[in-house]
Amino acid sequence: MKIKLKKYKDQILEWPQSGCHIMAQYDDEKIIVYQAYRKEIAEFAIKNQYFGGKFSFSRMTWIKPNFLWMMYRSGWGTKEGQEVTLAIHLKISAFCNYLQNGVYTSYDQSKNISHEEWRDEIENSNIRLQWDPDHDPCGSKQERRAIQIGLRDNFIRSFATDDILLIEDISEFVKEQYRFVQNGTLDNLITPSEKPLIFNDEMLNRKLKITKG
């Protein structure tokens, strides 16, 4: 795997405990996001290094930069239709573009727009943003919040082909680490090394409600 790994017990000492944070593995060129699919969709993506075949371009697809949030969502790859976990190395420029064009799935009065204006925004947007409670390896909710990003129409087509640098199947790694969760031996658990992502674009940070410090 081309993913940097670190002991979970060491990472939790460094991670923020509350607030809105995009926890991810990234550098100046790329960011790793996660998705989980059934076998036939994942196999096509791994073989061809883009999404096609049985992959649906007509429904919204959700990407998650936070590994443990993906594990919560997929039950560590045990839920039906989410058996194969993919690590998608994505152009960070594309990821930023998604965020800049995203609309929140819930109405926020602090934006100083009416509920009707928000409804118009969300109906006309091809990107949805949603902050959810983060979860620990065992599935317990955390005070820290994690983001997921929904893509559709022109953005899903761009994501599926042009925006991807590498697709890795990390299902075996997920299975290996899930054993430590099942056995309650979290001192042995290894997860992708992640840190909060803060943008140079202050307007984007404010839009995302990113917590600093």
Inset, instruction - Have a look at M71 and tell me which of V174, T78, N66 forms a side-chain contact (heavy atoms from CB on, under 4.5 Å) with it. - result: V174
Inset, instruction - Count the heavy atoms of every other residue, nucleotide or ligand shown that sit under 6.0 Å from NZ of K207, and state whether that count exceeds 12. - result: yes
Inset, instruction - Take I22 and L99 through the test side chain to side chain contact (heavy atoms under 4.5 Å, CB included) and record every step on the way to the result. - result: CA-CA 11 Å; I22 300 177; L99 297 173; 4.1 Å; yes
Inset, instruction - Mind running side chain to side chain contact (heavy atoms under 4.5 Å, CB included) on Y104 and K209 for me, showing each step along the way? - result: CA-CA 11 Å; Y104 284 107; K209 308 172 190 175; 4.0 Å; yes
Inset, instruction - Grab the two heavy atoms, one from T85 and one from S171, that are nearest each other, plus how far apart they are. - result: N-OG, 3.0 Å
Legend entry - Common cluster, L165/Y26, ILVMFWY with side-chain heavy-atom separation under 4.5 Å: no
Legend entry - Contact check, side chains of K9 and L189, non-hydrogen atoms, under 4.5 Å: no
Legend entry - Greater than 12 external heavy atoms within 6.0 Å of E29's CD: no
Legend entry - Distance-minimising heavy-atom pair for Q11 and S193: OE1-CA, 3.4 Å
Legend entry - Residues L90, I63; criterion side chain to side chain contact (heavy atoms under 4.5 Å, CB included); working and verdict: CA-CA 11 Å; L90 193 66; I63 60 174; 4.2 Å; yes
Legend entry - Residue among E194, Q25, E14 satisfying side chain to side chain donor-acceptor pair (under 3.5 Å) with K6: E14
Inset, instruction - State, without any angle test, whether N126 and N154 hold a side-chain donor-acceptor pair at a distance under 3.5 Å. - result: yes
Legend entry - Test applied, salt bridge (charged side-chain N to carboxylate O under 4.0 Å, His left out); reference residue, R144; option that passes from D136, D132, D134: D134
Legend entry - Pairs where residues 77-101 contributes a residue and the test ring pair (Phe, Tyr, Trp, His ring centres under 6.0 Å) is met, not counting sequence neighbours: none
Legend entry - cation_pi(K64, Y72) dist<6.0 Å, angle<=45: no
Inset, instruction - Assess whether side chain to side chain contact (heavy atoms under 4.5 Å, CB included) is satisfied between Q130 and Q148, documenting all intermediate values. - result: CA-CA 5 Å; Q130 187 167 312; Q148 60 173 332; 3.4 Å; yes
Inset, instruction - Count the heavy atoms of every other residue, nucleotide or ligand shown that sit under 6.0 Å from CG of N183, and state whether that count exceeds 12. - result: yes
Legend entry - Shortest non-hydrogen contact from R73 toward K79: O-NZ, 2.9 Å
Inset, instruction - Any ring pair (Phe, Tyr, Trp, His ring centres under 6.0 Å) involving residues 144-164? Give me the pairs, sequence neighbours left out, ordered by first then second residue. - result: F51-F159
